[in-house]
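Just so we're clear, the structure is a prediction, and the values are computed from it rather than from any experiment.
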Amino acid sequence: MKIKLLITGLIIIMAASAFLVFNKNSSSFAGKKADSAPISDDSLLTLVEYNTFRYFSDGAEPVSGMARERIHLDGNYPENDQNVVTTGGSGFGLMALVVGINRGFTGRDEGIKRHIVDFLRKADRFHGAWPHWLYGETGRVKPFGQKDNGADIVETAYMAQGLLSARQYLRNGSEQEQKIAADIDTLWRQIEWSFFTRGGQKVIYWHWSPSYGWEMNMPVTGYNECLILYILAPSSPTYPVDPDVYHSGWAGNGKIVSKNEAYGIPLILKFNYAEEYGGPLFWAHYSYLGLDPRGLSDKYADYWKLNVDQATINHKWCSLNPEKYKGYSDKRWGLTASYSVNGYAAHAPGPKNDLGVISPTAAVSSLPYTPAESMAAIKDFYFNLGPRLFGKYGFYDAFSEQSNWFPQRYLAIDQGPEIVMIENYRTGLIWKLFMSCPEVQTGLKRLGFSIKDKK
(Lines give C-alpha, C1' and ligand atoms only; values in the text may rest on other atoms or scores of the structure.)
Protein backbone atom coordinates (compact mmCIF):
# COMPACT_ATOMS: atom_id res chain seq x y z
CA MET A 1 0.00 0.00 0.00
CA LYS A 2 1.52 3.27 -1.10
CA ILE A 3 2.04 5.98 1.48
CA LYS A 4 -0.03 9.01 0.64
CA LEU A 5 2.37 11.85 0.11
CA LEU A 6 -0.18 14.63 -0.07
CA ILE A 7 -2.12 15.50 3.07
CA THR A 8 -5.25 17.46 2.25
CA GLY A 9 -5.78 20.87 3.79
CA LEU A 10 -8.87 19.64 5.61
CA ILE A 11 -6.95 16.83 7.37
CA ILE A 12 -4.17 19.20 8.36
CA ILE A 13 -6.59 21.76 9.79
CA MET A 14 -8.57 19.13 11.68
CA ALA A 15 -5.45 17.45 13.04
CA ALA A 16 -3.79 20.69 14.04
CA SER A 17 -6.92 21.90 15.80
CA ALA A 18 -7.33 18.62 17.63
CA PHE A 19 -3.74 18.63 18.85
CA LEU A 20 -3.85 22.23 20.00
CA VAL A 21 -6.78 21.34 22.22
CA PHE A 22 -5.28 17.98 23.20
CA ASN A 23 -1.90 19.40 24.13
CA LYS A 24 -3.43 22.34 25.99
CA ASN A 25 -5.30 19.93 28.21
CA SER A 26 -2.63 17.24 28.45
CA SER A 27 -1.16 18.50 31.71
CA SER A 28 -4.41 17.76 33.48
CA PHE A 29 -4.04 14.07 32.65
CA ALA A 30 -0.57 13.67 34.12
CA GLY A 31 -0.32 12.20 37.59
CA LYS A 32 -3.57 10.25 37.48
CA LYS A 33 -3.57 6.53 38.11
CA ALA A 34 -3.20 4.31 35.07
CA ASP A 35 -6.27 2.28 35.96
CA SER A 36 -8.41 5.42 35.70
CA ALA A 37 -6.79 6.76 32.55
CA PRO A 38 -8.98 9.42 30.89
CA ILE A 39 -7.58 8.74 27.43
CA SER A 40 -7.16 5.58 25.39
CA ASP A 41 -3.86 3.85 24.73
CA ASP A 42 -4.01 5.03 21.14
CA SER A 43 -4.53 8.64 22.16
CA LEU A 44 -1.71 8.39 24.69
CA LEU A 45 0.67 7.15 22.00
CA THR A 46 -0.35 10.07 19.79
CA LEU A 47 0.25 12.50 22.63
CA VAL A 48 3.70 11.07 23.32
CA GLU A 49 4.54 11.25 19.62
CA TYR A 50 3.32 14.84 19.38
CA ASN A 51 5.27 16.18 22.35
CA THR A 52 8.39 14.29 21.29
CA PHE A 53 8.01 15.65 17.74
CA ARG A 54 8.23 19.14 19.19
CA TYR A 55 11.83 18.49 20.24
CA PHE A 56 12.74 18.39 16.55
CA SER A 57 10.41 21.19 15.44
CA ASP A 58 9.97 23.83 18.16
CA GLY A 59 13.22 22.85 19.87
CA ALA A 60 15.39 22.78 16.75
CA GLU A 61 18.42 25.07 16.45
CA PRO A 62 16.91 27.95 14.44
CA VAL A 63 19.66 28.72 11.93
CA SER A 64 20.31 25.15 10.75
CA GLY A 65 16.98 23.52 11.59
CA MET A 66 19.00 20.63 13.02
CA ALA A 67 18.40 18.90 16.34
CA ARG A 68 20.18 20.35 19.34
CA GLU A 69 22.40 17.84 21.11
CA ARG A 70 20.52 18.48 24.36
CA ILE A 71 17.80 20.63 25.82
CA HIS A 72 17.68 21.18 29.58
CA LEU A 73 14.45 22.74 30.76
CA ASP A 74 16.04 23.20 34.18
CA GLY A 75 18.63 25.45 32.54
CA ASN A 76 21.50 23.51 34.06
CA TYR A 77 23.84 23.06 31.11
CA PRO A 78 27.38 21.67 31.34
CA GLU A 79 28.40 24.43 28.95
CA ASN A 80 26.79 27.07 26.78
CA ASP A 81 26.05 24.71 23.92
CA GLN A 82 22.54 25.55 22.71
CA ASN A 83 23.94 26.18 19.25
CA VAL A 84 25.55 22.71 19.09
CA VAL A 85 23.71 20.26 16.87
CA THR A 86 24.10 16.52 16.59
CA THR A 87 24.51 14.67 13.31
CA GLY A 88 23.09 11.32 14.39
CA GLY A 89 20.32 12.88 16.47
CA SER A 90 19.37 15.06 13.51
CA GLY A 91 19.17 11.96 11.33
CA PHE A 92 16.68 10.59 13.83
CA GLY A 93 15.03 14.00 13.77
CA LEU A 94 14.48 13.87 10.02
CA MET A 95 12.51 10.67 10.51
CA ALA A 96 10.61 12.32 13.36
CA LEU A 97 9.70 15.22 11.07
CA VAL A 98 8.37 12.78 8.48
CA VAL A 99 6.21 11.20 11.18
CA GLY A 100 4.98 14.65 12.22
CA ILE A 101 4.04 15.62 8.69
CA ASN A 102 2.29 12.33 8.06
CA ARG A 103 0.28 12.63 11.29
CA GLY A 104 -0.68 16.23 10.63
CA PHE A 105 1.31 17.66 13.54
CA THR A 106 2.65 20.22 11.08
CA GLY A 107 2.10 21.24 7.48
CA ARG A 108 4.34 19.90 4.76
CA ASP A 109 5.95 23.29 4.19
CA GLU A 110 6.87 23.48 7.88
CA GLY A 111 8.23 19.94 8.09
CA ILE A 112 11.44 19.04 6.29
CA LYS A 113 12.58 22.54 5.50
CA ARG A 114 14.89 23.48 2.69
CA HIS A 115 17.50 24.96 5.04
CA ILE A 116 18.21 21.65 6.81
CA VAL A 117 19.48 20.12 3.59
CA ASP A 118 21.26 23.34 2.62
CA PHE A 119 23.00 23.34 6.00
CA LEU A 120 24.15 19.75 5.56
CA ARG A 121 25.47 20.54 2.10
CA LYS A 122 27.54 23.51 3.32
CA ALA A 123 28.59 22.13 6.72
CA ASP A 124 32.02 20.64 7.41
CA ARG A 125 32.42 17.21 5.85
CA PHE A 126 35.41 14.93 5.50
CA HIS A 127 35.34 12.55 2.56
CA GLY A 128 31.60 13.14 2.45
CA ALA A 129 31.08 12.27 6.12
CA TRP A 130 29.95 14.65 8.84
CA PRO A 131 31.45 14.99 12.33
CA HIS A 132 29.60 14.04 15.51
CA TRP A 133 28.82 17.66 16.44
CA LEU A 134 28.47 20.86 14.45
CA TYR A 135 27.85 24.47 15.36
CA GLY A 136 24.37 25.21 14.06
CA GLU A 137 25.10 28.85 13.34
CA THR A 138 28.14 28.21 11.15
CA GLY A 139 28.23 24.54 10.14
CA ARG A 140 31.75 24.23 11.50
CA VAL A 141 32.86 21.15 13.44
CA LYS A 142 32.73 21.14 17.22
CA PRO A 143 35.24 18.50 18.36
CA PHE A 144 33.72 15.61 20.27
CA GLY A 145 37.19 15.08 21.71
CA GLN A 146 40.70 16.34 20.95
CA LYS A 147 41.33 13.81 18.19
CA ASP A 148 37.66 13.44 17.28
CA ASN A 149 37.47 16.63 15.22
CA GLY A 150 36.73 15.14 11.82
CA ALA A 151 34.57 12.47 10.26
CA ASP A 152 32.36 10.23 12.35
CA ILE A 153 31.13 7.55 9.95
CA VAL A 154 28.72 6.00 12.49
CA GLU A 155 26.95 9.30 13.14
CA THR A 156 26.96 9.80 9.38
CA ALA A 157 25.23 6.44 8.94
CA TYR A 158 22.47 7.55 11.31
CA MET A 159 22.11 10.75 9.32
CA ALA A 160 22.05 8.81 6.04
CA GLN A 161 19.31 6.53 7.40
CA GLY A 162 17.20 9.62 8.07
CA LEU A 163 18.06 11.30 4.79
CA LEU A 164 17.09 8.27 2.74
CA SER A 165 13.79 7.92 4.60
CA ALA A 166 13.05 11.59 3.94
CA ARG A 167 14.07 11.26 0.30
CA GLN A 168 11.59 8.44 -0.21
CA TYR A 169 8.84 10.45 1.46
CA LEU A 170 9.42 13.59 -0.63
CA ARG A 171 10.40 12.17 -4.01
CA ASN A 172 6.87 12.16 -5.49
CA GLY A 173 5.69 15.34 -3.80
CA SER A 174 5.59 18.94 -4.99
CA GLU A 175 8.24 20.41 -7.26
CA GLN A 176 10.00 21.88 -4.24
CA GLU A 177 9.92 18.56 -2.39
CA GLN A 178 11.33 16.75 -5.39
CA LYS A 179 14.21 19.23 -5.45
CA ILE A 180 14.91 18.56 -1.79
CA ALA A 181 14.78 14.82 -2.47
CA ALA A 182 17.28 15.27 -5.31
CA ASP A 183 19.65 17.23 -3.06
CA ILE A 184 19.36 14.53 -0.41
CA ASP A 185 20.31 11.96 -3.03
CA THR A 186 23.41 13.99 -3.88
CA LEU A 187 24.46 14.13 -0.22
CA TRP A 188 24.00 10.36 0.08
CA ARG A 189 26.09 9.71 -3.03
CA GLN A 190 28.93 11.94 -1.78
CA ILE A 191 29.60 9.86 1.35
CA GLU A 192 32.88 7.98 0.75
CA TRP A 193 32.13 4.83 2.73
CA SER A 194 35.03 2.91 1.19
CA PHE A 195 37.54 5.50 2.45
CA PHE A 196 36.81 4.39 6.00
CA THR A 197 38.23 0.94 5.36
CA ARG A 198 41.56 2.70 5.86
CA GLY A 199 43.18 1.66 2.64
CA GLY A 200 41.13 -1.41 1.90
CA GLN A 201 41.18 -3.26 5.22
CA LYS A 202 38.36 -5.68 5.92
CA VAL A 203 36.78 -3.51 8.58
CA ILE A 204 35.35 0.01 8.79
CA TYR A 205 37.01 2.57 11.07
CA TRP A 206 34.82 4.92 13.07
CA HIS A 207 36.84 8.17 12.90
CA TRP A 208 39.12 10.13 10.63
CA SER A 209 40.60 13.53 11.46
CA PRO A 210 42.25 16.07 9.14
CA SER A 211 44.64 16.81 12.03
CA TYR A 212 45.21 13.33 13.49
CA GLY A 213 44.40 10.99 10.65
CA TRP A 214 43.45 7.52 11.95
CA GLU A 215 44.88 8.03 15.45
CA MET A 216 41.52 7.31 17.08
CA ASN A 217 42.09 3.80 15.71
CA MET A 218 38.61 2.46 16.42
CA PRO A 219 37.51 -0.38 14.10
CA VAL A 220 33.75 -0.96 14.23
CA THR A 221 33.03 -4.56 15.14
CA GLY A 222 29.81 -6.25 16.22
CA TYR A 223 27.53 -6.59 17.86
CA ASN A 224 26.39 -3.12 18.99
CA GLU A 225 24.41 -0.14 17.68
CA CYS A 226 26.35 0.12 14.41
CA LEU A 227 24.73 -2.49 12.17
CA ILE A 228 23.20 0.26 10.01
CA LEU A 229 26.74 1.37 9.06
CA TYR A 230 27.50 -2.05 7.64
CA ILE A 231 24.18 -2.10 5.78
CA LEU A 232 24.60 1.32 4.16
CA ALA A 233 28.28 1.02 3.23
CA PRO A 234 27.74 -1.88 0.78
CA SER A 235 24.53 -0.19 -0.42
CA SER A 236 26.27 2.95 -1.69
CA PRO A 237 25.91 3.45 -5.46
CA THR A 238 29.15 5.48 -5.54
CA TYR A 239 31.58 4.35 -2.81
CA PRO A 240 30.50 0.84 -1.80
CA VAL A 241 32.53 -1.46 0.41
CA ASP A 242 32.95 -5.11 -0.38
CA PRO A 243 30.56 -7.50 1.42
CA ASP A 244 33.55 -9.27 2.95
CA VAL A 245 34.11 -6.16 5.08
CA TYR A 246 30.81 -6.98 6.77
CA HIS A 247 31.51 -10.66 7.19
CA SER A 248 35.13 -10.27 8.30
CA GLY A 249 35.12 -6.95 10.12
CA TRP A 250 31.68 -6.74 11.67
CA ALA A 251 30.83 -10.42 12.10
CA GLY A 252 34.36 -11.71 12.73
CA ASN A 253 33.79 -14.54 10.25
CA GLY A 254 31.10 -15.95 12.51
CA LYS A 255 32.63 -15.13 15.89
CA ILE A 256 29.79 -12.69 16.43
CA VAL A 257 27.43 -15.60 17.13
CA SER A 258 26.76 -16.33 20.79
CA LYS A 259 25.58 -19.50 22.49
CA ASN A 260 24.87 -17.76 25.80
CA GLU A 261 21.46 -17.33 27.37
CA ALA A 262 19.86 -15.16 30.04
CA TYR A 263 16.73 -16.34 31.84
CA GLY A 264 16.61 -19.15 29.28
CA ILE A 265 16.43 -16.60 26.45
CA PRO A 266 19.19 -16.81 23.80
CA LEU A 267 21.41 -13.78 23.31
CA ILE A 268 22.02 -14.89 19.68
CA LEU A 269 24.87 -12.43 19.04
CA LYS A 270 27.75 -11.36 21.22
CA PHE A 271 27.17 -7.94 22.67
CA ASN A 272 30.82 -6.89 23.03
CA TYR A 273 30.35 -6.41 26.76
CA ALA A 274 27.73 -7.26 29.41
CA GLU A 275 27.63 -10.61 27.62
CA GLU A 276 25.78 -12.23 30.49
CA TYR A 277 22.59 -10.21 29.95
CA GLY A 278 23.07 -8.36 26.67
CA GLY A 279 23.78 -4.67 26.18
CA PRO A 280 21.90 -1.39 26.52
CA LEU A 281 18.68 -1.21 24.55
CA PHE A 282 19.75 1.51 22.14
CA TRP A 283 21.48 -1.32 20.30
CA ALA A 284 18.00 -2.58 19.39
CA HIS A 285 16.85 0.89 18.31
CA TYR A 286 19.37 3.07 16.46
CA SER A 287 20.01 0.77 13.50
CA TYR A 288 16.38 -0.28 13.26
CA LEU A 289 14.64 3.07 13.00
CA GLY A 290 14.66 2.59 9.24
CA LEU A 291 16.01 -0.93 8.83
CA ASP A 292 12.98 -3.18 9.30
CA PRO A 293 13.97 -6.22 11.39
CA ARG A 294 10.70 -8.06 10.75
CA GLY A 295 11.57 -11.16 8.76
CA LEU A 296 15.16 -9.94 8.34
CA SER A 297 17.88 -12.55 8.73
CA ASP A 298 21.31 -13.60 7.55
CA LYS A 299 23.56 -16.50 8.45
CA TYR A 300 24.25 -14.98 11.86
CA ALA A 301 20.86 -14.00 13.25
CA ASP A 302 17.14 -13.52 12.92
CA TYR A 303 17.14 -9.80 13.67
CA TRP A 304 13.54 -9.59 14.82
CA LYS A 305 14.11 -12.34 17.35
CA LEU A 306 17.42 -10.77 18.36
CA ASN A 307 15.72 -7.50 19.29
CA VAL A 308 12.67 -9.08 20.90
CA ASP A 309 14.93 -11.24 23.04
CA GLN A 310 17.15 -8.34 24.10
CA ALA A 311 14.14 -6.22 25.11
CA THR A 312 12.59 -9.17 26.94
CA ILE A 313 15.79 -9.81 28.91
CA ASN A 314 15.98 -6.10 29.79
CA HIS A 315 12.40 -6.15 31.05
CA LYS A 316 12.97 -9.37 32.97
CA TRP A 317 16.04 -7.96 34.74
CA CYS A 318 14.17 -4.85 35.89
CA SER A 319 11.10 -6.85 36.92
CA LEU A 320 13.15 -9.22 39.08
CA ASN A 321 15.30 -6.29 40.28
CA PRO A 322 18.19 -8.33 41.71
CA GLU A 323 19.99 -5.14 42.81
CA LYS A 324 16.90 -4.08 44.82
CA TYR A 325 16.69 -0.57 43.40
CA LYS A 326 13.75 1.53 44.49
CA GLY A 327 10.97 1.86 41.91
CA TYR A 328 11.86 -0.99 39.55
CA SER A 329 8.93 -3.23 38.58
CA ASP A 330 7.38 -5.07 35.65
CA LYS A 331 5.86 -1.71 34.62
CA ARG A 332 8.74 0.61 35.52
CA TRP A 333 11.69 -0.62 33.50
CA GLY A 334 14.19 0.18 30.78
CA LEU A 335 18.01 0.32 30.77
CA THR A 336 19.99 2.01 28.02
CA ALA A 337 22.56 4.74 27.46
CA SER A 338 21.34 8.06 28.82
CA TYR A 339 22.01 10.70 31.39
CA SER A 340 22.88 9.20 34.75
CA VAL A 341 23.04 10.51 38.29
CA ASN A 342 26.73 11.17 37.73
CA GLY A 343 27.16 12.18 34.11
CA TYR A 344 26.30 9.80 31.29
CA ALA A 345 26.29 6.00 31.31
CA ALA A 346 25.40 3.00 29.16
CA HIS A 347 22.95 1.38 31.57
CA ALA A 348 22.33 -2.29 30.92
CA PRO A 349 21.26 -5.45 32.76
CA GLY A 350 23.93 -6.84 35.03
CA PRO A 351 25.37 -5.76 38.39
CA LYS A 352 28.15 -3.68 36.83
CA ASN A 353 25.99 -1.72 34.38
CA ASP A 354 22.71 -1.26 36.25
CA LEU A 355 23.09 1.95 38.25
CA GLY A 356 19.52 2.33 39.44
CA VAL A 357 18.65 4.68 36.57
CA ILE A 358 15.68 4.05 34.28
CA SER A 359 15.70 5.65 30.83
CA PRO A 360 12.16 5.97 29.37
CA THR A 361 13.46 5.71 25.81
CA ALA A 362 14.50 2.10 26.51
CA ALA A 363 10.97 0.82 27.12
CA VAL A 364 9.17 3.33 24.87
CA SER A 365 11.36 2.66 21.81
CA SER A 366 10.99 -1.10 22.36
CA LEU A 367 7.24 -0.90 21.73
CA PRO A 368 7.44 -2.94 18.49
CA TYR A 369 9.35 -5.72 20.29
CA THR A 370 7.55 -5.86 23.65
CA PRO A 371 4.19 -4.18 23.03
CA ALA A 372 2.45 -5.20 26.26
CA GLU A 373 5.43 -4.48 28.51
CA SER A 374 6.28 -1.22 26.76
CA MET A 375 2.70 0.03 26.79
CA ALA A 376 2.48 -0.74 30.50
CA ALA A 377 5.65 1.32 31.02
CA ILE A 378 4.37 4.24 28.93
CA LYS A 379 1.14 4.35 30.96
CA ASP A 380 3.03 4.08 34.24
CA PHE A 381 5.50 6.79 33.26
CA TYR A 382 2.77 9.16 32.12
CA PHE A 383 -0.09 8.60 34.55
CA ASN A 384 1.79 7.65 37.72
CA LEU A 385 5.00 9.69 37.51
CA GLY A 386 3.28 12.49 35.61
CA PRO A 387 4.95 15.90 35.36
CA ARG A 388 8.05 14.63 37.14
CA LEU A 389 8.78 12.64 33.98
CA PHE A 390 6.69 14.12 31.15
CA GLY A 391 7.28 17.62 29.86
CA LYS A 392 7.25 19.92 26.88
CA TYR A 393 9.17 17.54 24.62
CA GLY A 394 7.84 14.25 25.94
CA PHE A 395 9.42 11.97 28.52
CA TYR A 396 12.55 13.32 30.17
CA ASP A 397 15.74 11.45 29.46
CA ALA A 398 16.21 9.47 32.69
CA PHE A 399 15.30 9.24 36.35
CA SER A 400 16.27 7.41 39.51
CA GLU A 401 13.90 6.87 42.40
CA GLN A 402 16.81 5.30 44.24
CA SER A 403 18.57 8.68 44.22
CA ASN A 404 15.41 10.82 44.13
CA TRP A 405 16.72 12.21 40.85
CA PHE A 406 14.27 13.58 38.25
CA PRO A 407 16.16 16.01 35.96
CA GLN A 408 14.20 17.94 33.33
CA ARG A 409 16.61 17.17 30.52
CA TYR A 410 16.44 15.80 27.00
CA LEU A 411 18.92 14.28 24.55
CA ALA A 412 18.20 14.15 20.82
CA ILE A 413 19.52 10.61 20.40
CA ASP A 414 17.05 9.36 23.00
CA GLN A 415 14.00 11.38 21.92
CA GLY A 416 14.27 10.44 18.24
CA PRO A 417 13.90 6.68 18.64
CA GLU A 418 10.76 7.13 20.76
CA ILE A 419 8.61 8.84 18.14
CA VAL A 420 10.01 6.78 15.25
CA MET A 421 9.58 3.39 16.92
CA ILE A 422 6.10 4.25 18.19
CA GLU A 423 5.15 5.08 14.61
CA ASN A 424 6.80 1.94 13.28
CA TYR A 425 4.72 -0.03 15.77
CA ARG A 426 1.54 1.73 14.71
CA THR A 427 1.94 1.96 10.92
CA GLY A 428 5.44 0.83 9.93
CA LEU A 429 5.87 4.22 8.22
CA ILE A 430 9.63 4.72 8.50
CA TRP A 431 10.37 1.04 8.01
CA LYS A 432 8.40 1.12 4.75
CA LEU A 433 10.13 4.25 3.52
CA PHE A 434 13.69 3.16 4.25
CA MET A 435 13.18 -0.36 2.95
CA SER A 436 11.73 1.05 -0.27
CA CYS A 437 15.19 2.39 -1.18
CA PRO A 438 16.46 0.31 -4.11
CA GLU A 439 20.05 0.81 -2.95
CA VAL A 440 19.25 -0.68 0.46
CA GLN A 441 17.63 -3.71 -1.12
CA THR A 442 20.69 -4.16 -3.33
CA GLY A 443 23.02 -3.85 -0.33
CA LEU A 444 21.09 -6.40 1.71
CA LYS A 445 21.23 -8.87 -1.15
CA ARG A 446 24.97 -8.31 -1.56
CA LEU A 447 25.43 -9.14 2.12
CA GLY A 448 23.36 -12.31 1.94
CA PHE A 449 20.34 -11.10 3.92
CA SER A 450 16.92 -12.58 3.31
CA ILE A 451 13.58 -10.92 4.02
CA LYS A 452 10.51 -13.02 4.67
CA ASP A 453 7.11 -11.69 3.75
CA LYS A 454 5.46 -9.90 6.66
CA LYS A 455 2.18 -11.42 7.74
Side-chain angles (χ1 to χ4, degrees), residues 87-88 91 120 125-132 148 150-165 167-168 184-210 213-257 269-270 272 283 286-293 296-301 303 434-451:
T87 300
L120 289 169
R125 281 188 287 169
F126 309 89
H127 296 275
W130 292 278
H132 191 119
D148 191 359
D152 185 317
I153 196 61
V154 173
E155 292 290 309
T156 296
Y158 298 147
M159 172 56 74
Q161 185 177 208
L163 285 169
L164 287 174
S165 300
R167 183 195 72 180
Q168 296 303 98
I184 288 174
D185 190 65
T186 298
L187 291 173
W188 151 245
R189 290 171 175 269
Q190 289 173 341
I191 301 170
E192 298 177 24
W193 305 93
S194 54
F195 172 79
F196 293 88
T197 60
R198 196 172 172 177
Q201 296 183 33
K202 292 184 179 181
V203 69
I204 297 176
Y205 284 81
W206 198 311
H207 310 91
W208 181 83
S209 163
W214 300 105
E215 286 187 35
M216 290 286 289
N217 194 32
M218 189 178 292
V220 184
T221 60
Y223 181 77
N224 50 41
E225 74 274 23
C226 303
L227 176 63
I228 192 64
L229 166 64
Y230 277 90
I231 299 298
L232 290 172
S235 300
S236 170
T238 46
Y239 298 95
V241 303
D242 189 86
D244 193 44
V245 176
Y246 169 76
H247 295 292
S248 297
W250 172 256
N253 293 313
K255 293 179 181 178
I256 194 174
V257 176
L269 297 181
K270 293 180 180 177
N272 276 359
W283 292 355
Y286 289 5
S287 286
Y288 303 97
L289 300 183
L291 181 67
D292 187 350
L296 184 70
S297 63
D298 63 3
K299 61 184 179 180
Y300 309 114
Y303 290 89
F434 183 78
M435 298 299 283
S436 72
C437 296
E439 308 99 312
V440 172
Q441 291 295 324
T442 297
L444 289 170
K445 289 178 181 177
R446 292 187 70 208
L447 295 172
F449 279 82
S450 63
I451 304 173

Can any side-chain N or O of [X] pair as donor or acceptor with the backbone N or O of [Y] at less than 3.5 Å?
X: Trp193; Y: Leu232; result: no
X: Ser236; Y: Ala233; result: no
X: Gln441; Y: Ser436; result: no
X: Glu155; Y: Gly88; result: yes
X: Ser287; Y: Leu227; result: yes

Could you measure the distance from the [atom1] atom of [X] to the [atom2] atom of [Y]? Nearest 0.5 Å is fine.
X: Cys437; Y: Gln161; atom1: SG; atom2: CD; value: 10.0 Å
X: Tyr205; Y: Asn217; atom1: OH; atom2: CG; value: 5.5 Å
X: Ile184; Y: Leu163; atom1: CD1; atom2: CG; value: 5.5 Å
X: Ser235; Y: Leu444; atom1: OG; atom2: CG; value: 6.0 Å
X: Met159; Y: Leu120; atom1: CE; atom2: CG; value: 4.5 Å

Report yes if the side chains of [X] and [Y] come closer than 4.5 Å at any heavy-atom pair, otherwise no.
X: Trp250; Y: Asn224; result: yes
X: Thr156; Y: Arg125; result: no
X: Ile228; Y: Tyr158; result: yes
X: Val220; Y: Val154; result: yes
X: Tyr230; Y: Leu447; result: no
X: Val245; Y: Phe196; result: no

Return each pair, listed once, that meets salt bridge (charged side-chain N to carboxylate O under 4.0 Å, His left out) where at least one residue sits in residues 192-204; pairs must be two or more places apart or across chains. Lys202-Asp244

Qualifying salt bridge (charged side-chain N to carboxylate O under 4.0 Å, His left out) pairs with a residue from residues 215-240, counting only residues at least two apart or across chains: Lys147-Glu215

Listed partners of Arg189 passing salt bridge (Lys or Arg N to Asp or Glu O under 4.0 Å), at least two apart: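 Counting only residues at least two positions away or on another chain, Arg189 forms a salt bridge (Lys or Arg N to Asp or Glu O under 4.0 Å) with Asp185.
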
Looking at every heavy atom in both Thr238 and Pro240, which two are closest together, and how far apart are they?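 So the two residues come closest at C-CD, 3.4 Å.
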
Looking at every heavy atom in both Arg446 and Pro243, which two are closest together, and how far apart are they?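 Answer, listing the atom of Arg446 first, then Pro243: NH2-CD, 3.1 Å.
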
By ring pair (Phe, Tyr, Trp, His ring centres under 6.0 Å) - contacts of His207 (at least two apart):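 By the ring pair (Phe, Tyr, Trp, His ring centres under 6.0 Å) rule, His207 matches no residue at all.
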
By ring pair (Phe, Tyr, Trp, His ring centres under 6.0 Å), which residues pair with His247, not counting sequence neighbours? Tyr300

Stepwise, does the ring-ring contact (aromatic ring centres under 6.0 Å, His included) test hold for Phe195 with Tyr239? CA-CA 8 Å; Phe195 172 79; Tyr239 298 95; 9.8 Å; no

Does the plane of the ring in His127 sit parallel, tilted or perpendicular to the ring in Trp208? Use 30° and 60° as the thresholds.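 Rings of His127 and Trp208: perpendicular, as their planes differ by over 60°.
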
Between Tyr303 and Tyr223, how do the two ring planes meet: parallel, tilted or perpendicular, split at 30° and 60°?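 Ring orientation, 0 to 90° scale: tilted.
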
For Pro131, give me all partners under side-chain contact (heavy atoms from CB on, under 4.5 Å), at least two apart in sequence or on another chain.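 Only Phe126, Leu134, Val141 meet the side-chain contact (heavy atoms from CB on, under 4.5 Å) criterion with Pro131.
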
When you look at Ile153 and Ile204, which way does the side chain to side chain contact (heavy atoms under 4.5 Å, CB included) test go after all the steps? CA-CA 9 Å; Ile153 196 61; Ile204 297 176; 4.1 Å; yes

Which one of Phe449, Tyr286, Phe434 satisfies the side chain to side chain contact (heavy atoms under 4.5 Å, CB included) criterion with Leu291?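 Only one option passes, and that is Phe434.
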
